[in-house]
Amino acid sequence: MDSFYNILLHAHSGLRWLVLIALLVAIFQTFSKRGKFGDISETKSVLITFILTNLQFIVGLILYFISEKVQFNSNTMQNDIIRFFTVEHILMMVVAVALINIGYSRSKRATKPFNSAFNFYFIALILILISIPWPFRELGSGWF
Ligand code: HEM
């Protein structure tokens, strides 16, 4: 169980970089095509971001059930690290993942697909950046 946890934790930690890179590329590509008509499949990064973020969500959800940093007891709101992972991280990330899913599905139907993807992905990026347990936030997490 311990090594399963470690594998998932490293996968989740490393995937953050792939999610961020794909998201940044998608945002740049859709920004440069904003206002244009077309098909969202022209910007493959939009689909790649959608897949990677949902994968990250699944790994995060499994971690949520096995991590010691997720606890429901009188300590939950008192301890900064426990509160962050039990409440803040999951709430903000669920909203971010939902925005990416909405942005992706709207972009497939919209007449200006790049605008839809850009708007939703951009807000998701901000939420993700502020909800990652960056090492300087001293939440016990590393860079990789
Ligand atoms: C794009 C979405 C997400 C990103 C970029 C992200 C990123 C991260 C990062 C960088 C860590 C620290 C890993 C480490 O300590 O090395 C982490 C930890 C964690 N994440 Fe996420 N996460 C995301 C979504 C989620 C979601 C949706 C959930 C829950 C459903 C979740 C649950 C957790 C848990 C429980 C931990 C703590 C694991 C532990 O240290 O025991 N994450 N996340």
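Because the structure is a prediction, the values reported are computed rather than measured. FYI, the numbering just counts along the sequence from 1. For ligands, and for the atoms within them, numbers begin at 1 and follow the listed sequence.
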Does any non-hydrogen side-chain atom of Y121 lie less than 4.5 Å from one of I100?
yes
Could you give me a count of protein N/O/S atoms that are under 2.8 Å from atom 21 (Fe) of ligand 1?
2
Min side-chain heavy-atom separation S67-F85 under 4.5 Å
no
To the nearest 0.1 Å, how far is atom 15 (O) of ligand 1 from its closest protein heavy atom, and which atom is that?
S141 OG, 3.0 Å
Taking all non-hydrogen atoms of both residues, which atom of T53 and which atom of V97 are closest, and how far apart?
CG2-CG2, 3.9 Å
With salt bridge (Lys or Arg N to Asp or Glu O under 4.0 Å) as the rule and sequence neighbours excluded, what pairs involving residues 54-82 come up?
D80-R83
Considering the heavy atoms of L9, write down every atom of ligand 1 situated less than 4.0 Å from one of them.
13 (C), 14 (C), 15 (O), 38 (C), 39 (C), 40 (O)
Restricting to pairs with a member in residues 47-70, which pass ring-ring contact (aromatic ring centres under 6.0 Å, His included), not counting sequence neighbours?
F50-Y104
Heavy-atom donor-acceptor pair, N115 side chain to G35 backbone, under 3.5 Å
yes
Quick check, are the ring centers of F118 and F122 under 6.0 angstrom apart?
yes
So, taking the atom named CG in L8 and the one named CD1 in I58, what distance separates them when rounded to the nearest 0.5 Å?
11.5 Å
Are Y5 and ligand 1 in contact, using a heavy-atom cut-off of under 4.0 Å?
yes
Residue pairs meeting side chain to side chain donor-acceptor pair (under 3.5 Å), one or both in residues 7-30, sequence neighbours left out, come to H12-Q56, S13-R16, Q29-S45
Using heavy-atom distances only, which candidate in S67, S131, S13 approaches atom 41 (O) of ligand 1 most closely?
S67
Where does V70 meet ligand 1, judged by heavy-atom distances below 4.0 Å: at the side chain, the backbone, both, or neither?
side chain
Spatial distance of atom CD1 (I128) from atom CD1 (I123) [nearest 0.5 Å]:
12.0 Å
Residue, atom name and distance, where the atom is the protein heavy atom closest to atom 40 (O) of ligand 1:
K69 NZ, 2.8 Å
Taking 4.0 angstrom as the limit and counting only heavy atoms of Y64, give me the atoms of ligand 1 inside it, by number and element.
35 (C)
Any V97 heavy atom less than 4.0 Å to ligand 1
no
Give the residue and atom name of whichever protein heavy atom lies nearest to atom 27 (C) of ligand 1, and the separation in Å to one decimal.
F57 CD1, 3.4 Å
